[in-house]
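Notes follow once the structure below has been shown.
Letters go in sequence order (proteins before strands), and every chain restarts at 1.
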Amino acid sequence: MSKPSIPQGTRDLTPEVVRKRQYILNLLRHIFETCGFQPIETPSMENLNTLMGKYGEEGDRLIFKILNNGLNDASKHEKTRTALENVLQGKNDVNLTERALRYDLTIPFARYVVMHQHELIFPFRRYQMQPVWRADRPQKGRYREFWQCDCDIVGTNSLINEAELLYIYREAFYQLKIPNILVRVNSRKILSGIAEYCSAQDKLTDITIAIDKLDKVGKDGVIKELNERGLNDTQVGDIIRLINIETNHLDHLEKEFTAKNITIGIEGIRELRDTLAFHEELKNNSWNNSEIKIDFTLARGLSYYTGVIVEVNCIDPAVQMGSIGGGGRYDDLTGLFGLKNLSGVGVSFGIDRIYDVMEQLQLFPQDVSIGTKAIIINTGAANEIYALQVLKQLREQGIATELFPEALKFDKQMKYAFNRGIPYVIIIEDEERNQQNVRVKDFNSGKQSAMSIEALISTLL
RNA sequence: GAGGUAGUAGCUCAGUAGGUUAGAGCGUCAGUUUGUGGCACUGAAGGUCGUGGGUUCGAGACCCAUUUAUCUCCCCA
């Protein structure tokens, strides 16, 4: 028997890690619920054709596919061999793989909305917190199995939704106390406008991919990439000039668009402006850790976005991490599954990256990983019976308590309690049992005192 | 999918130019002492040196493959 192992890019989570993750999840859940979102869950696997073609060429490659069962059935061999040939050619074939692991939460949600359209009440607001899987090569902040928390609103075009989602981002990171949060916003329509401005509508994807790299490769790098992607010098010049407009000068870009009568670009600017105006009304004046910045170079890879797009980073110098959240509006995601004219907008939180950032900056509360509040030392015989009665009473009060299950030596039990991080030790020996009270040791102060069970309860509550 | 770095006890690592029974600290376990944890002391367990080949009289060290981790590109949360 070889050493046990787990698949590449997956992890076991210790009790401490799970507690910390739950801290994040509970906090987000509370915000989502407060904003009127309802929870749903979807299966870990989807039909492969539900997912294929939704995430771009690169995305398709990263979908974990599941091999069909029963391929050894002799009557299927002919089909299976043909299917394998197709797969070797780079095509998918349902006779070999017809299911795949969930790649994100947005496409399954679109599928969900279409399947449940007659029972949903629109506008429908849902949140979803589940793992997703990507066959990417693991590296820092990149796992093959990780959790996303999404909240989406479908069935309404109102930009109030965009403003609310920006509120949710900033409120969540405020409550999590993560510093230096930068929320960048842009509009796909502005990007379309830029493409139209230089008569390169067919090169929209190439343009967005190239300018998205501005902060990474610099202006010259972007120019080079635009050239490589087939744009001429005039077009490249226009693009560079437009995206270099100071980010808060929507007016300036609007003039450029108006001069050439680029309707879609003008609309993108108006939407961004309205979104921020609504957001201004919603914003919490206590926020001191985040800011919103308009960034014309923000592109976002997923091909289905059509309107306002957003991405969140922690730009604290002490952390180096890709985006910890992203989202945007998609006008026709359900159209892919046959339900036309249903617009949606949503954002995603990358739980594992948020966790990594918080761990690195030591932002988890000290007591987040403490479970048991008190432990009763077991001294055996009649004391054990009395200890069980005390245990029961404490648990009835909702105090997380355990009784050491064996009457081991005193120092063993003390050591166990200390190493577990349990803050209170309850000592019950003959004297305590006879007087129907307890002795309590507080590890923080190192002091101990005798008290009644009622006093014990009020101490621990 | 392409490339760089790494893999020695549970953890962090040492192991000189390949040479006899592979080491340390921490942790674990047993015990001593402190009225019951943290401190100190005594002792013990624990490694087929990621895996599989190869070179060599001899390999933890060299070569190849593979796997895992980590980083860059790509792309993303």
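Nucleotides B:C76 and B:A65 place their C1' atoms 31 Å apart, quoted to the nearest Å. For the P atoms, the distance linking B:A45 with B:A22 amounts to 14 Å, nearest Å.
Contact of A:Lys441 with B:G37 (side chain to base): a donor-acceptor pair of N or O atoms is detected under 3.5 Å. Side chain A:Arg61 to base B:C75: no donor-acceptor pair is found below 3.5 Å. In this model, a side-chain donor or acceptor of A:Arg353 finds a partner on the base of B:C76 within 3.5 Å. Taking 3.5 Å as the limit, the base of B:U67 and the side chain of A:Gln8 contain no donor-acceptor pair of atoms between them.
Among the candidates A:Phe364, A:Tyr143, A:Trp147, the single residue satisfying the ring-ring contact (aromatic ring centres under 6.0 Å, His included) test with A:Tyr355 is A:Phe364.
Atom CG of A:Asp104 and atom C1' of B:A77 are 10 Å apart (whole Å). Here B:G35 presents its P atom at 14 Å from CD of A:Glu429, a figure rounded to the nearest Å. As rounded to whole Å, 8 Å separates atom P of B:G38 from atom CG of A:Asp411. In this structure, A:Asp136 atom CG and B:C75 atom P are separated by 11 Å, rounded to whole Å.
Annotation: of the two residues near RNA chain B, A:Arg137 and A:Lys140, the 5′-most nearest-nucleotide partner is A:Arg137. The residue among A:Asp442 and A:Asp212 whose nearest nucleotide of RNA chain B lies closer to the 5′ end is A:Asp442.
Using modelled atom types and a 3.5 Å distance limit, the side chains of A:Asn47 and A:Asn49 yield no donor-acceptor pair.
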